[in-house]
Amino acid sequence: MSGPAGEPAQFSNPMAARPERLREYQGFIKVRLAHSRGRSYLIPDVLIAVAGSRYFFPSFFSPPRLVFDIELGRHFVDFDMDVGAPRADLQARIKIRARSEDRIRSYPDGAQLYRCTILGPRRLHALAKGECRQASDGDYSLRVYHHTACETVPKIEASGVLWSSSWNLAGTRELANVSYGYFTTLPNIRDRDDLARVAMATTGIIHMQTTSDRPVEDVLDLRVLRRSTNEHSHAMVFDVPCGLVAPCHLLFHPFARGQPAYYEVMGPEIVRVGVKPGVNLLIQGRNISVAEEDMRRFTYVVAGDASSVTGLEAPFKEDETEQVGHLDQLNDETDLFDFWIAHRNSDQVSGREIDPRLLKPR
């Protein structure tokens, strides 16, 4: 249904209608434990499935449903996430279940990888963002693309490095204390819809609208980088390890018009690798690598309130410090279930300090 900002860019397809068409799959889910004021939740980073050969990014996801002590010391969590192939308008809703005994990896930034079961539609592979493979260290590398002008390609190949960018997600302000290597799941940039998927526009404006119970929603005319498809005519193909991928910023859509609250991932077609200012990403064949000491990670993501225009804008500006999701730094000794039990019914936000992303002066 059209709204004040125009036609929706994506639709969700709830599972409940035809349960006989659903089937169960096995996979791996990389998740983070986050806290915003009044709520704790899991952020699904990436799903690996189809015998470890395909990866999926969520566009939307639900709050988690945790069940403790199904047997002594054994727990599980369920949540829903909507996935779709690049350029897919209609997203399919899948259900993820991860068990406490199935944690297989912890990442330096506090994320954890679990074996999981997936309840979803037939032909799950058709919903994937792209191909992936397991690397020698056990992590998974994601096949992504870097779009640039044709004349730039031989320069990048000759240098053996990919320059990082100091521009924020909107491409309108430079960041002072982090740079990002930018990639996308899109194999080419062919029209204005593709530009919008990577936070660009020929007009320099993307329209968004709030989620609330107001009779008429507010509209944000979001300023983004002004670009044409001709400026991104050539795609370079790379494999980026899961452990290097920075978490996406979010929008929190509150309960409104009888619909339950949910989270939206900002830029699900955008893949970023955060590094210290001035550091470039190393290219070896198709593989991207960064030394651990050159990585730049943050202990929060922006989690904008979708009921307000300022909340809609916050994930793109990136300098927000109040509307945030604090990320717990989980490790091999503490998983999300242990942390949740140890800190149940407690305030996980008050008193937390963050090392914020800073914008350069205009």
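For reference, positions follow the sequence shown, starting with 1.
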From [X] [atom1] over to [Y] [atom2], what is the distance, rounded to the nearest 0.5 angstrom?
X    : Y    : atom1 : atom2 : result
S141 : I288 : OG    : CD1   : 10.0 Å
L251 : S308 : CG    : OG    : 9.5 Å
N280 : I156 : CG    : CD1   : 10.5 Å
I118 : I94  : CD1   : CD1   : 6.0 Å
S307 : D213 : OG    : CG    : 10.0 Å
L22  : L124 : CG    : CG    : 11.0 Å

Check your understanding: Centre of Y300's six-membered ring, under 6.0 Å away, within 45 degrees of the axis: is that where NZ or CZ of R357 sits?
Key -> yes
**Study point:** Charged tip of R296 within 45° of F298 ring normal and under 6.0 Å
**Key:** yes
Assess, by modelled atom type and distance only, whether the side chains of [X] and [Y] contain a donor and an acceptor separated by less than 3.5 Å.
X    : Y    : value
D332 : S106 : yes
Y41  : S36  : yes
H326 : Q348 : no

Without swapping roles, check the side chain of [X] against the backbone of [Y] for a donor-acceptor pair under 3.5 Å.
X    : Y    : result
R226 : T202 : yes
Q323 : D305 : yes
D191 : D193 : yes
D218 : V309 : no
D80  : F61  : no
Q209 : L220 : no
N177 : L358 : yes
R23  : R123 : no
D69  : L72  : no
E320 : K317 : no

Review point. Step by step, would you call C116 with D102 a side chain to side chain contact (heavy atoms under 4.5 Å, CB included)?
Key: CA-CA 8 Å; C116 67; D102 286 335; over 6 Å; no
Can you see which heavy atom on [X] is nearest to which on [Y], and at what distance?
X    : Y    : value
V224 : I205 : CG2-N, 4.1 Å
P58  : V83  : CA-CG1, 4.3 Å
S179 : P277 : OG-CA, 3.6 Å
Y145 : A235 : CD2-CB, 4.3 Å
A98  : Y114 : CB-CB, 4.0 Å
R197 : L186 : CB-CD1, 4.1 Å

Quick one: are [X] and [Y] in side-chain contact, heavy atoms under 4.5 Å?
X    : Y    : value
C242 : D45  : no
L33  : L42  : yes
Y55  : V144 : yes
E217 : S212 : yes
L336 : P64  : no
E101 : R115 : no
Y107 : V245 : no
L142 : V271 : no

[X], [atom1] atom: more than 12 neighbouring heavy atoms under 6.0 Å:
X    : atom1 : value
R192 : CZ    : no
W167 : CH2   : yes
R223 : CZ    : no
E353 : CD    : no

Parallel, tilted or perpendicular, judged at 30° and 60°: which one describes the rings of [X] and [Y]?
X    : Y    : answer
F252 : Y263 : tilted
H343 : F339 : parallel
Y182 : Y180 : perpendicular
F60  : Y262 : perpendicular

**Study point:** Pair T148-H234, side chain to side chain donor-acceptor pair (under 3.5 Å): steps then yes or no
**Key:** CA-CA 5 Å; T148 187; H234 192 88; over 6 Å; no
Exercise for review: Applying salt bridge (Lys or Arg N to Asp or Glu O under 4.0 Å), run through R272 and E318 and close with a yes or a no.
Suggested key: CA-CA 13 Å; R272 302 199 298 177; E318 298 202 77; 2.8 Å; yes
Check your understanding: Yes or no on salt bridge (Lys or Arg N to Asp or Glu O under 4.0 Å) for E269 and K129, after CA distance, side-chain angles and deciding distance?
Key -> CA-CA 8 Å; E269 308 299 347; K129 290 297 186 190; 2.5 Å; yes
Practice item. Please assess R97 against V77 for the test side chain to side chain contact (heavy atoms under 4.5 Å, CB included), listing each intermediate value before the final yes or no. Key: CA-CA 6 Å; R97 172 168 292 186; V77 61; over 6 Å; no
Exercise for review: Please determine if D294 and K276 form a salt bridge, counting it only when a charged side-chain N lies under 4.0 Å from a carboxylate O.
Suggested key: no
**Study point:** Verdict with supporting geometry, H232 and D194, side chain to side chain contact (heavy atoms under 4.5 Å, CB included)
**Key:** CA-CA 11 Å; H232 301 275; D194 280 353; over 6 Å; no
Exercise for review: Show the numbers, then the answer: is there a side chain to side chain contact (heavy atoms under 4.5 Å, CB included) between K95 and R65?
Suggested key: CA-CA 11 Å; K95 185 184 296 291; R65 302 174 292 275; 3.4 Å; yes
Exercise for review: Assess whether salt bridge (Lys or Arg N to Asp or Glu O under 4.0 Å) is satisfied between D82 and R93, documenting all intermediate values.
Suggested key: CA-CA 4 Å; D82 294 357; R93 184 160 299 167; 2.9 Å; yes
Cluster link [X] to [Y], ILVMFWY, side chain under 4.5 Å:
X    : Y    : answer
I96  : F337 : yes
L162 : V237 : no
I43  : V273 : no

Review point. Would R297 and D355 count as a salt bridge (Lys or Arg N to Asp or Glu O under 4.0 Å) if you check the C-alpha gap in whole Å, the side-chain angles of each, and the deciding distance to 0.1 Å?
Key: CA-CA 10 Å; R297 298 188 171 100; D355 174 18; over 6 Å; no
